[in-house]
Amino acid sequence: SKGNHRHYMLKEIYEQPIVVAQTLRSYLQRMEERVTLPIPEFDLSSIKRVTIVACGTSFYAGMVAKYWFEQFARVPVDLDVASEFRYRAPVMEPGGLALFISQSGETADTLAALRHARSEAQTIAVVVNVPTSSMAREADLLLPTHAGPEIGVASTKAFTCQLAVLAALAANLARAKGKLKPGEERDIVRHLAEAPAALNGALAYDEAIQAMAGVVAGARDVLYLGRGTDYPLALEGALKLKEISYIHAEGYAAGEMKHGPIALIDENVPVIVIAPSGPLFDKTVSNMQEVQARGGKVVLISDYDGIQAAGENCVATITMPKVHPLIAPLVYAVPVQLLAYHVAVAKGTDVDQPRNLAKSVTVE
Ligand code: F6R
């Protein structure tokens, strides 16, 4: 049931602190300050390459994971959407890890890609939310998310739970490959353990986001910009908005703006900039200022320090709790979900059952 929420999507957005905590319980040993896998003896030490394949929102979770696998485990990562992967001629050395991410575990293209990777002698890992699904059954390493059933067609809580599992997998791989510095595993566990409270902190801005949704609701086109792991978040924000509000939206890597999309900027195109304070903040802010110099209306999503430093000329700001960069993708998922939700409600669209979309895409 929707409980006292108006839509399943809103209920599922609000469940995130609890279901992320629930998911993390299977992957963190809080007392020992260690990350674990559901199959603790599963040996990742010989993995030399990771191939990540998924569709839609699950693909964006995979994109975040690519940054983490490279950063922590120092393994090369190949990443593709399933519909492309299965029809190109991907080169996979035997013994690689092929990782499939899917809420439903039934998406036709992702399942076909999994079977192709199996025929190429890859170890098959799957991150799925439905433990009885086809992908779960065909996995060597089953990595469940514990988001519970997701009813809203637009994926929300499944995404943040996928990120939680993928962060833990990256840390497990890094340890298996001897790439963690002393104390690093402990720090990763501590940061991940802060995610549920940080998600609650992000949800506290729901009303503020609702109040500024009008900036976006009247627009015909919207751009989302982010850098590093906020780039996939920009893509996810744009996907959520177009799915449920039918407003045309695109996500770009902040640094790509000047290579084309900047031509779109005028006072009618809101630009949502996702920029937590941190090592990439100044770079993204300089891209943001290029937008402002051309009359663009910027909505800055950052933390208090970021808003203090760069919020001045923005049409609206959304303040998030200050969090470690590792959990920022989970936390910043909340404002992009809520923004899409409130814009859709303002426009009167069918939030839980958007036109032309199905929850599970079992045909290619
Ligand atoms: C977006 C959305 C879709 C799914 C995609 C993959 O809100 O829900 O983009 O993420 O169809 O579905 P799964 O994860 O079930 O493979």
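These numbers were taken from a predicted model, which means no experiment stands behind them. Counting convention: from 1, in listed order, for ligands and their atoms alike.
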Do L225 and I318 belong to the same hydrophobic cluster, where Ile, Leu, Val, Met, Phe, Trp and Tyr are linked whenever their side-chain heavy atoms lie under 4.5 Å apart, directly or via other members? no

Can you sort out which atoms of ligand 1 are near S102, meaning under 4.0 Å from one of its heavy atoms? 13 (P), 14 (O), 15 (O), 16 (O)

Do any N/O atoms on T110 end up under 3.5 angstrom from N/O atoms on ligand 1? no

Could you check atom 15 (O) of ligand 1 against the protein and tell me its nearest heavy-atom contact, residue, atom and distance included? S104 OG, 2.7 Å

Check whether any side-chain N or O of R355 sits under 3.5 Å from a backbone N or O of Y246 as a donor-acceptor pair, and report yes or no. no

Show me which atoms of ligand 1 lie under 4.0 Å from any heavy atom of S58. 10 (O), 13 (P), 14 (O)

Tell me whether K157 is salt-bridged to E150, with the criterion being a basic N under 4.0 Å from an acidic carboxylate O. no

Using a 4.0 Å cutoff against the non-hydrogen atoms of A154, which atoms of ligand 1 qualify? 7 (O)

Under the 3.5 angstrom rule, does the side chain of D303 hit a backbone N or O of S277 as a donor-acceptor pair? yes

Between D80 and R88 (salt bridge meaning N to carboxylate O under 4.0 Å), is one present in this structure? yes

Which residue holds the protein heavy atom closest to atom 11 (O) of ligand 1, what is that atom called, and what is the gap in Å? V361 CG2, 4.1 Å

Tell me, yes or no, whether the heavy-atom count around R186 atom CZ, taken from other residues, nucleotides or ligands under 6.0 Å, exceeds 12. yes

Using a plain distance cutoff, I'd like to know if T107 has any nitrogen or oxygen under 3.5 Å from a nitrogen or oxygen of ligand 1. yes

Looking at atom 6 (C) of ligand 1, what's its closest protein heavy atom, distance included? C55 O, 3.4 Å

Applying a heavy-atom cut-off of 4.0 Å, say which part of E243 lies close to ligand 1: side chain, backbone, both or neither. side chain

Would you please name every residue forming a ring-ring contact (aromatic ring centres under 6.0 Å, His included) with H248, sequence neighbours left out? none

Give the residue and atom name of whichever protein heavy atom lies nearest to atom 3 (C) of ligand 1, and the separation in Å to one decimal. T57 N, 4.1 Å

Do I39 and V50 belong together in a cluster built from hydrophobic side chains that touch within less than 4.5 Å? yes

Of all the atoms in ligand 1, which lie at a distance below 4.0 Å from a heavy atom belonging to K240? 1 (C), 7 (O)

Can any side-chain N or O of R137 pair as donor or acceptor with the backbone N or O of T132 at less than 3.5 Å? yes

Quick check: V153 and ligand 1, any N/O pair under 3.5 Å apart? yes

Please determine if K359 has a nitrogen or oxygen closer than 3.5 Å to a nitrogen or oxygen of ligand 1. no

